[in-house]
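Here's the structure, in C-alpha cells; my notes come after.
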Amino acid sequence: TVFVARIVLMFQMLFFGTHILNILNWASDLLITSPSLTKTLLGAAENIDHGMLGVPVAQTLIKAFLLRGGPEMATSQLSVAMNTKNALEKEHAGAKQKEQDLAFRLKMANQEVVSLQAKT
C-alpha cells in the first residue's frame, strides 16, 4: 500500500505541474492581450530605443516575442479562416454529391420494387 501511495503522489505532482503551467499560460494570455500592458511595454521599449539613436530594435523585439496576436495577426487569422471556409465548402459539395447519389440509388430501388410487385 505504501508503493501505491507513492505512485499516486507522483501522479499528483505530475498533474499538479501541468495544471500550474495551464494557469500560467492563461494568465500570460490575459496579460498580453490587455491594452494597458501593451501600452506600458511599448512605452518602455520606445524609451529604450530613444537611447539607441531612435532605431526601433526594442519595439520590434517586444512586438515579435511578447505582443503576438494584435492587429498584425489579422491577415494570418483571415488566411486561416478562408482556408477553413474553403475546406468546408469542398466537404459540403462532396456531401451534396453523395446525397444526390444516394437519392438516385433509392429511386432506382423503389422502381425495382414497384416493377417486381407488378409482376407478382
Side-chain angles (χ1 to χ4, degrees):
T1 59
V2 175
F3 178 70
V4 173
R6 287 182 182 175
I7 289 177
V8 168
L9 182 63
M10 287 189 327
F11 278 125
Q12 283 181 337
M13 287 298 150
L14 176 72
F15 291 128
F16 180 74
T18 56
H19 287 300
I20 292 299
L21 289 176
N22 281 333
I23 291 170
L24 291 175
N25 186 22
W26 171 78
S28 70
D29 287 345
L30 188 66
L31 288 175
I32 293 299
T33 57
S34 76
S36 61
L37 180 69
T38 301
K39 186 182 270 188
T40 303
L41 286 175
L42 287 177
E46 189 174 336
N47 289 338
I48 292 170
D49 286 339
H50 282 304
M52 295 191 305
L53 302 172
V55 178
V57 174
Q59 291 179 36
T60 304
L61 291 174
I62 292 290
K63 286 181 182 179
F65 294 113
L66 293 179
L67 301 178
R68 300 181 67 133
E72 295 86 13
M73 296 292 289
T75 55
S76 64
Q77 288 174 343
L78 175 63
S79 175
V80 168
M82 288 178 64
N83 188 20
T84 303
K85 178 185 164 237
N86 289 339
L88 289 173
E89 283 176 348
K90 286 180 184 177
E91 186 178 340
H92 183 254
K96 272 188 174 181
Q97 180 63 34
K98 187 175 181 179
E99 188 260 337
Q100 290 173 352
D101 184 42
L102 287 173
F104 177 73
R105 289 172 50 197
L106 179 63
K107 182 180 174 184
M108 296 303 290
N110 283 336
Q111 287 177 355
E112 185 178 357
V113 167
V114 168
S115 69
L116 290 174
Q117 283 178 345
K119 289 181 182 179
T120 58

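This chain uses plain numbering: 1 for the first residue, then up along the sequence.
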Distance-minimising heavy-atom pair for Asp49 and Ala58: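 So the two residues come closest at OD1-N, 2.9 Å.
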Drop me the distance from [X]'s [atom1] to [Y]'s [atom2], to the nearest 0.5 angstrom.
X      : Y      : atom1 : atom2 : value
Met13  : Leu9   : CE    : CG    : 5.0 Å
Gln59  : Asn47  : CD    : CG    : 9.5 Å
Thr84  : Glu89  : OG1   : CD    : 11.0 Å
Leu106 : Gln111 : CG    : CD    : 10.5 Å
Ile62  : Thr38  : CD1   : OG1   : 10.5 Å
Ile23  : Ser28  : CD1   : OG    : 12.0 Å

What residue among Glu99, Lys98, Arg105 forms side-chain contact (heavy atoms from CB on, under 4.5 Å) with Asp101?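 Only one option passes, and that is Arg105.
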Val8 and side-chain contact (heavy atoms from CB on, under 4.5 Å): which single residue from Gln12, Met10, Arg6 fits?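 Looking at Gln12, Met10, Arg6, the match for Val8 under the side-chain contact (heavy atoms from CB on, under 4.5 Å) is Gln12.
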Is it the case that one hydrophobic cluster holds both Leu14 and Ile20, taking links as side-chain heavy atoms less than 4.5 Å apart, direct or via other members?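 Different clusters: Leu14 never reaches Ile20 through Ile, Leu, Val, Met, Phe, Trp or Tyr contacts under 4.5 Å.
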State plainly whether one hydrophobic cluster holds both Phe15 and Ile7, where clusters connect Ile, Leu, Val, Met, Phe, Trp and Tyr through side-chain heavy atoms under 4.5 angstrom apart.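 Per the 4.5 Å side-chain linkage, Phe15 and Ile7 are co-clustered.
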Quick check: are there more than 12 heavy atoms from other residues, nucleotides or ligands sitting under 6.0 Å from CD of Glu112?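 No.
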Neighbour count above 12 (heavy atom, 6.0 Å) for Glu91 CD: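 Count not over threshold, so no.
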Can you find a heavy atom in the side chain of Asn25 that is under 4.5 Å from one in the side chain of Leu21?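 In short, these two side chains do not touch, never coming nearer than 4.5 Å.
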